[in-house]
2 protein chains.
Amino acid sequence: MLPDPYNRLPDIALHRVSAASRETLFLQGSVTKGLYVVLAGRVHLERMGPNGERFVIHRATAGTSFAEASIFSDRYHCDAVVIEAGDLIRIDKAAVLAAFADADFALSYGRRASRQIQAQRQLLEIVGIRRAEDRVLAGLVAGLLDSTVVDFAALLQLSPEAAYRALRALVEAGQVINPSRGEYRLRAAT
Amino acid sequence: MLPDPYNRLPDIALHRVSAASRETLFLQGSVTKGLYVVLAGRVHLERMGPNGERFVIHRATAGTSFAEASIFSDRYHCDAVVIEAGDLIRIDKAAVLAAFADADFALSYGRRASRQIQAQRQLLEIVGIRRAEDRVLAGLVAGLLDSTVVDFAALLQLSPEAAYRALRALVEAGQVINPSRGEYRLRAAT
DNA sequence: GGTAGCATATGATTGAAATCATATCTGACT
DNA sequence: AGTCAGATATGATTTCAATCATATGCTACC
């Protein structure tokens, strides 16, 4: 039910929360209680600009967690806004901190964190590629097209149209094969 | 000398490496020995595309580490290319894995990883903002302009010119103050 | 004091992706 | 079978950032 390291924690550390749309979980300023795992729905982490502009820091979807850093700090600097109603699990920070005494938990936590950092770094690098065609090719090489082209485009910070066009251009250049509608694969090495 | 969690490791786990420019550290395929910390110089992590295109996965500069994920996996999927000659420290993966038995080390590792994930996530979110002016404002709110505008622009994946223009526009809109040449600060809340 | 290099800055032009529009295909539900 | 939503796809237009060009201020070094 819970993602990897957290499923090892005692039940008493877990608190189920049902959240309505547009509900705000005020994390900012208050003493942090722990991190959250999204079971269903969507949550944005937002920070306020000096003149009230709201900036989205992170979008958490079902199966992902947010506010993990609150485990290690007393204060948190953003609030969570529920974009789509759903269920959350709050996990006590004390339980997580205590669990670090268990080497298995700590290793599991470290493994997941390392993987995530690596994936994010790669994505940052890919998103930094200017030309849509190059970006899409890099995204394909990274194996980022695993569901729809629309999702792929969003991940690459491209409009779906730009992604379709880039894929078409890559097919025409012989770099990518398009065996069927909506399916794209790298052509095998020459 | 070494960044936070790694300075707690025994000396025997550390191996100093002097690297010449364009030298390649072949991590790919071979059994991973550990992670690296860059003391001086610049290193790119690269992955090969199916037709020989090279993609930069990560750029490591002095003071940062790379291949951390190799601690948790037997095989690594990119190679490291030294872009600018310098010195590296290789850290044995066995020593790091063993150190996770120490709760202090594990907590320190977890804290750093959490912070890094949070920072990267925020940066990904900011880089995804289309309009240069909005992106620059978000970057300012996030406190990313801590050295030159040129560095700031690179972090935001913007050309320096675009960053200067966006800053100028924000100053003219009254959102940002420009107390002196090259210095920009958010105007206090209304 | 001269000059070399770099950050800052801004104007003009170009290029590429976003946006808008439109159409087809597909699967789910009725 | 009919309809509805969403993915796929592509053409036309617009927008906005990259690029090119140019100039100035600042610092370092000889």
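Here is how names work: the chains are called A, B, and so on, in the same order as the sequence lines, proteins then strands, and each is numbered from 1.
If one axis is set at each end of the helix from C:dG1-D:dC30 to C:dT30-D:dA1 from five pairs, those axes are 40° apart, to 10°.
We find that CG of A:Leu145 is positioned 13 Å from C1' of D:dT8, with the value rounded to whole Å. Residue B:Asn178 contributes atom CG, which lies 18 Å from atom P of C:dA7 at whole-angstrom precision. Across the protein-nucleic acid pair, A:Arg181 atom CZ and D:dG6 atom P stand 16 Å apart, rounded to whole Å. Following rounding to the nearest Å, B:Arg135 (CZ) and D:dA18 (C1') show an atom-to-atom distance of 12 Å.
Using bins of under 30°, 30° to 60° and over 60° for the plane-to-plane angle, the ring pair B:Phe100/B:Phe105 lands in the perpendicular bin.
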For this session: Evaluate salt bridge (charged side-chain N to carboxylate O under 4.0 Å, His left out) for B:Asp4 paired with B:Arg115, printing each intermediate quantity in order.
Result: CA-CA 12 Å; B:Asp4 183 21; B:Arg115 298 252 165 88; over 6 Å; no
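A donor-acceptor pair under 3.5 Å links the side-chain atoms of A:Thr32 to the main chain of A:Ser73, judged by distance alone. Under a 3.5 Å cut-off, the side chain of A:Gln122 and the backbone N or O of B:Val56 do not form any donor-acceptor pair.
A:Ser108 and A:Tyr6 form no side-chain donor-acceptor contact under 3.5 Å, judged by distance and modelled atom types alone. At a cut-off of 3.5 Å, with distance as the only test, a side-chain donor of B:Ser18 or B:Asp87 sits close to an acceptor on the other residue. Neither side chain, A:Tyr164 nor A:Ser159, offers a donor N or O lying under 3.5 Å from an acceptor on the other.
For DNA chain C, the residues of residues 122-134 of chain A within the heavy-atom distance limit of 4.0 Å (strictly under) are A:Arg130, A:Arg131, A:Ala132, sorted by number. Residues from residues 147-168 of chain B lying near DNA chain D, meaning a heavy-atom separation below 4.0 Å, are B:Gln157, B:Leu158, B:Ser159, B:Glu161, B:Ala162, B:Arg165 in numerical order.
The pair A:Arg54-A:Asp79 does not count as a salt bridge, with every side-chain nitrogen at least 4.0 angstrom from each carboxylate oxygen.
Under a cut-off of 6.0 angstrom, the local environment of CZ in B:Arg8 is crowded, with over 12 non-hydrogen atoms contributed by other residues, nucleotides or ligands.
Under a hydrophobic clustering in which Ile, Leu, Val, Met, Phe, Trp and Tyr are joined whenever their side-chain heavy atoms come within less than 4.5 Å, directly or via other members, A:Val96 and A:Tyr76 fall into different clusters.
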